[in-house]
Amino acid sequence: MYVLEVMSGPLDGKTWAFEREITIGRDDAVATACITIDRYISRKHARLYEEPDGFLRLADLASRNGTRVAGRPLDAPEAIDVGQAFVVGRTTLRVLRG
């Protein structure tokens with residue numbers, strides 16, 4: 001079990017629990033973690049998922065403003081550590097163990 005947490009941005013402190021996968025976006029019809037207040041987040045922006053080996057991966061879903069990890073744009077799915085910050089739109093998030 002994981003928890004996706006907003007670290008900064010309009011929904012600072014908001015969390016979503018998930019088991020193996022969560023989609024981040026601005027439209028609650030397609031995104032489990034819905035951040036409607038950040039206009040720089042695409043309708044369906046990014047996806048976090050657990051690989052069979054237990055590693056977490058973050059993928060940008062062809063969003064208009066991109067996803068950033070450690071200040072650099074995410075061009076392909078990338079493994080991220082629990083607790084590592086990443087940015088979608090103008091919102092900073094991280095994943096914790098639930």
Side-chain angles (χ1 to χ4, degrees):
M1 171 79 103
Y2 297 99
V3 175
L4 178 63
E5 176 186 36
V6 177
M7 294 175 60
S8 70
L11 296 176
D12 190 17
K14 172 82 173 147
T15 61
W16 297 269
F18 68 102
E19 287 290 329
R20 299 208 178 280
E21 178 178 332
I22 192 166
T23 303
I24 304 160
R26 204 176 61 222
D27 183 346
D28 63 1
V30 294
T32 310
C34 186
I35 306 171
T36 58
I37 203 160
D38 185 341
R39 65 186 179 108
Y40 293 94
I41 293 178
S42 296
R43 189 174 158 265
K44 192 173 180 182
H45 196 105
R47 181 172 76 109
L48 265 169
Y49 57 97
E50 185 183 56
E51 291 281 356
D53 59 11
F55 287 103
L56 277 175
R57 291 214 180 269
L58 176 63
D60 185 77
L61 301 175
S63 66
R64 173 175 280 165
N65 292 303
T67 301
R68 295 181 307 282
V69 176
R72 61 182 168 59
L74 187 66
D75 296 324
E78 183 174 309
I80 64 165
D81 296 321
V82 170
Q84 183 177 0
F86 62 95
V87 178
V88 295
R90 292 192 173 168
T91 302
T92 303
L93 303 127
R94 69 178 169 181
V95 178
L96 305 170
R97 292 213 184 266

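Side-chain contact between Val87 and Thr67 is absent, with no heavy-atom pair separated by less than 4.5 Å. Between His45 and Leu61 there is no side-chain heavy-atom pair separated by less than 4.5 Å. When side chains are defined from C-beta on, Val30 counts as touching Arg43, because their heavy atoms get closer than 4.5 Å. In this structure the side chain of Val69 reaches within 4.5 angstrom of the side chain of Glu78, judged on heavy atoms.
At a threshold of 4.5 Å between side-chain heavy atoms, the hydrophobic network of Ile, Leu, Val, Met, Phe, Trp and Tyr places Val88 and Val82 in one connected group. Grouping the Ile, Leu, Val, Met, Phe, Trp and Tyr side chains by contacts below 4.5 angstrom, directly or via other members, places Tyr2 with Ile80. Criterion: ILVMFWY side-chain heavy atoms under 4.5 Å apart, direct or through other members. Under it, Leu93 and Phe18 are part of a common hydrophobic cluster. Hydrophobic cluster membership is shared by Leu56 and Leu58, with clusters built from Ile, Leu, Val, Met, Phe, Trp and Tyr side chains linked at under 4.5 angstrom. There is a path of hydrophobic side-chain contacts, each under 4.5 Å, that joins Trp16 to Phe86.
Scanning for salt bridge (Lys or Arg N to Asp or Glu O under 4.0 Å) contacts around Arg20 gives Glu50, with sequence neighbours left out.
The shortest heavy-atom contact between Ala62 and Asp60 is N-OD2, 3.2 Å.
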Pair Ile35-Ile24, side-chain contact (heavy atoms from CB on, under 4.5 Å): steps then yes or no: CA-CA 8 Å; Ile35 306 171; Ile24 304 160; 4.2 Å; yes
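Interatomic distance, Lys44 NZ to Cys34 SG, rounded to the nearest 0.5 Å: 13.0 Å. Rounding to the nearest 0.5 angstrom, the gap separating the CG atom in Asp38 from the OG1 atom in Thr91 is 3.5 Å.
With salt bridges taken as basic N to acidic carboxylate O contacts below 4.0 Å, none links Arg57 and Glu21.
A donor-acceptor contact under 3.5 angstrom links the side chains of Arg90 and Tyr40, judged on distance only.
A side-chain donor-acceptor contact under 3.5 Å links Ser42 to the backbone of Arg64.
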Validation: residues 4-15 side-chain donor-acceptor distances under 3.5 Å, sequence neighbours left out:
residue : atom : partner : partner atom : Å
Glu5    : OE1  : Arg94   : NE           : 2.7
Glu5    : OE1  : Arg94   : NH2          : 2.9
Ser8    : OG   : Thr92   : OG1          : 3.1

